[in-house]
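Note that this is a predicted model, so its numbers are computed, not measured. When reading the values below, keep in mind they use all heavy atoms of this one structure, side chains included, and skip hydrogens, waters and symmetry mates.
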Amino acid sequence: MEEIVELRQYLFIIRKWLWLIVLCTLLAGGTAYGVNRWMIFPTYRASTTLLITQSSNPTSNYQDILFSQRIAQTYAELLQKRPVVEETLNHLGYTHIDPDEPLFELKVQPVRDTQLIELQVESTLPQLAKEIADTLPQVFIQQYEGMQTSRFASSKENLAKHLAELERSIEQTEKSLAELEESDSPEEEAKRAQLESTLNQYRSSYSNLLQSYEEIRLAEAQSTDNVVVTEPAQMPKEPVWPRVKLNTLLAAVVGSMLAVGTAFLIEYLDDTIKSPDEISEVLGLSSLAAIPLIPGGEIEDKLIASGHSRSPISEAYRVLRTNIQFSSPDRTLKTLLISSPGPTEGKSLTLANLGVVMAQAGQRVILVDCDLRRPTLHRIFGLSNESGLTSALFNDDSDVDRWLQPTEVDNLSVLTSGPLPPNPSELLGSQRMEEMVKELKARADVILFDSPPSLAVTDAAVLANQVDGTILVIDAGTTRREPAQRAKYDLDNVGGNILGATLNRVSTDSRGGYYYYYYYYSEDGTRRRRRRKRGNWIGRLIERIPLVGRGKASD
């Protein structure tokens, strides 16, 4: 059951801060879309695939393949070196482009477990990317073949020189032998035999040198690998960066997550009392009612129980009246003190509207303005404050009726504060005040006393032990936990009978989380709840969760 309550609280927080979540999501997504769409130049990519093979052995074995893979890694590094890139740019006529400038980016990497090399060129100019991807492999092949050829050029040149010399020596020896063919003298025969022996030596040396020459050529052919372009570059049509849709989506998700985190952080740091459940949790008091926020700006327009008796807010005050009656079934509550921790919780309006609904129920009600510092009741009911409670206390006349002022509501009278005295606390704690309370009890069924805030002055504590019960008014989302606890502690110390607390100014906005309390007080609340639920999926979800842990005011 506790897990259900926590889930409901989480949903309330999300509902309350839904405007922030939506705003941050739209702001983050819109910013990301604008930056990616209009402030970042699109980048295009052209790619080429190269194949590395050993030309000397078309039927390569496994070792040759592994060797080719290692060669591919070496070639991948060489393809990115400055000489190859500069020669490519010169070949294309881009001599003004510095290879180190970020006009394009070159990425070369071998494909794993293959003899392939993938070359990628990224640039804001699609034509440049394609041209570099096509030309750079060709330039590399030419440079590599030239480098491999230079390795054997010297040896081949020396062998060719010796072969040429041997050819000339053979020709000269053969010519000398031809001149001695018709001679029969012993000296010439000996010379011819010597020339034939020399010719055989020349031919043998020539054959050996020719064989060495062919071996060098074969070694040159075997050491030269074939680099073949297997997949030419294509003209890129779509940019690879930025990914507008993906970046916008990610930014929107991050924005919503930050908003949710901020909302939960604010709620965690917020130590105000916002729900009837928190009244029980923090103060250990019963929640007598949850009063919605009364619209209007002027205080005299907020006596809603009188002018709008069928209003849901008026129904909330009737719930407060009923819960007060049931809060002490074994004792008749005739005198009640309405107080609050601070000066802005709305205790005077709560007292005035509570008095109206009690009078409408047929009870004789007297409202006494004991706030002798900042009186308000006379303004709420539009009465004169030239005389009132202080006048009665300083006058020995025991007839209290002369100081009571009737109102437009039947059975409801008001004893205003009267002229403000210099010593309110002493006056409220005097013997004359106790006699005044007894006189008022004889003239009404219920007497409601309005007092200053309990934390500001001691007036409320002085009155608390003279009445049958005290009600604390808590302003939803404004009254902090520590001041409320101190106010309860002070009233308990003087023997005040605290009947419970009333949560005032509960938000009726669907974003407020506790808006449905407003509709539970309404006679036609079921129809209104259904209309509100149809337009909000979070509301529908919240309504399906069991509403546990509520006080009588929410039943």
Side-chain angles (χ1 to χ4, degrees), residues 324 328 330-341 343 347-348 351-352 354-355 358 363-378 381 383-407 412-473 486-499:
I324 291 174
S328 182
D330 299 331
R331 179 184 177 186
T332 302
L333 301 175
K334 198 164 186 178
T335 54
L336 297 174
L337 173 66
I338 310 298
S339 184
S340 63
K347 57 178 179 56
S348 299
L351 178 141
L354 176 61
M358 285 183 170
Q363 294 178 297
R364 294 176 299 166
V365 182
I366 296 176
L367 307 183
V368 182
D369 195 345
C370 296
D371 189 348
L372 303 182
R373 303 171 191 272
R374 296 181 62 182
T376 308
L377 287 183
H378 66 282
F381 289 93
L383 303 175
S384 171
N385 196 31
E386 294 180 359
S387 62
L389 176 62
T390 55
S391 304
L393 293 177
F394 286 112
N395 196 304
D396 295 333
D397 189 357
S398 60
D399 186 10
V400 181
D401 292 335
R402 60 178 293 192
W403 310 110
L404 295 177
Q405 299 186 53
T407 64
L412 180 64
S413 301
V414 177
L415 180 58
T416 61
S417 66
L420 302 185
N423 54 344
S425 298
E426 291 78 4
L427 193 60
L428 294 176
S430 64
Q431 182 66 31
R432 177 58 182 151
M433 182 64 188
E434 293 183 4
E435 296 174 357
M436 178 69 65
V437 173
K438 293 179 181 179
E439 294 174 5
L440 292 174
K441 285 183 178 180
R443 289 168 171 77
D445 299 320
V446 179
I447 302 99
L448 302 180
F449 295 89
D450 188 13
S451 73
S454 58
L455 292 181
V457 290
T458 61
D459 299 13
V462 171
L463 290 171
N465 59 4
Q466 301 184 36
V467 297
D468 298 331
T470 302
I471 299 172
L472 274 178
V473 177
R486 284 194 286 114
K488 176 180 178 295
Y489 177 80
D490 293 343
L491 292 174
D492 285 337
N493 277 347
V494 297
N497 178 27
I498 303 178
L499 303 178

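Asp450 and Ser348 make their closest contact through OD2-OG, 2.6 Å (heavy atoms, listed as atom of the first residue, atom of the second, distance). The nearest pair of heavy atoms linking Leu404 to Ser413 is CB-CB, 4.4 Å. Closest approach of Pro341 and Val473 over heavy atoms only: CD-O, 3.5 Å. Taking both residues in full, the closest heavy atoms of Asp445 and Lys334 are given as O-CG, 3.0 Å, listed atom of the first, atom of the second, then distance. The two residues Ser391 and Trp403 come nearest to each other via the heavy atoms CB-CZ3, 3.6 Å. Scanning both residues, Thr390 and Pro421, for their nearest heavy atoms gives CG2-CD, 3.8 Å.
A donor-acceptor pair under 3.5 Å is formed between the side chain of Arg432 and the backbone N or O of Ala392. Between the side chain of Asp468 and the backbone N or O of Leu336 there is no donor-acceptor pair closer than 3.5 Å. The closest donor-acceptor contact from the side chain of Asp369 to the backbone of Thr376 lies under 3.5 Å. Under a 3.5 Å cut-off, the side chain of Asn385 and the backbone N or O of Gly418 do form a donor-acceptor pair.
Ile447 is not listed as a side-chain neighbour of Val437, based on a closest heavy-atom distance of 4.5 Å or more. Ser387 has its side chain out of reach of Arg402: every pair of non-hydrogen atoms, C-beta onward, lies at least 4.5 Å apart. A 4.5 Å side-chain heavy-atom check between Val457 and Pro424 finds every atom pair outside the cut-off. Using a 4.5 Å heavy-atom threshold, the side chains of Thr458 and Val494 count as separate. Between Leu427 and Met433 the shortest side-chain heavy-atom distance does not fall below 4.5 Å. Counting only heavy atoms from C-beta outward, the side chains of Lys347 and Leu351 never approach each other to under 4.5 Å. By the 4.5 Å heavy-atom criterion applied to side chains, Pro375 and Thr416 are not counted as neighbours. Between Leu428 and Gln466 there is no side-chain heavy-atom pair separated by less than 4.5 Å.
Between Lys438 and Glu435 there is no salt bridge, since no side-chain N of the basic residue sits under 4.0 Å from a carboxylate O of the acidic one.
The distance from the OH atom of Tyr489 to the CD1 atom of Ile498 is 12.5 Å, given to the nearest 0.5 Å. From Leu383, atom CG reaches atom CG of Leu367 across 10.0 Å, with rounding to the nearest 0.5 Å. Atom CG in Leu354 sits 5.5 Å away from atom CG in Leu448 (nearest 0.5 Å). Atoms SG and CG, on Cys370 and Leu415 in that order, are 7.5 Å from each other to the nearest 0.5 Å. The OG1 atom of Thr335 sits 4.5 Å away from atom NZ of Lys441, with the distance rounded to the nearest 0.5 Å. With values rounded to the nearest 0.5 angstrom, Ser339 atom OG is found 6.0 Å from Leu472 atom CG.
In this model, no donor atom of one side chain and acceptor atom of the other lie less than 3.5 Å apart for Ser451 and Asp459. Side chains of Ser417 and Asp371: no donor on one and acceptor on the other come within 3.5 Å.
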I'd like to know whether Asp490 forms a side-chain contact (heavy atoms from CB on, under 4.5 Å) with Ser454, so could you lay out the CA-CA distance, the side-chain angles of the two residues, the decisive distance to 0.1 Å, and finally the verdict. CA-CA 8 Å; Asp490 293 343; Ser454 58; 5.8 Å; no
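Counting heavy-atom neighbours within 6.0 Å of Arg374 CZ, excluding the residue itself, gives a total of 12 or less.
Each of Val414, Val365, Leu377 was scored for a side chain to side chain contact (heavy atoms under 4.5 Å, CB included) with Thr407, with one residue passing: Val414.
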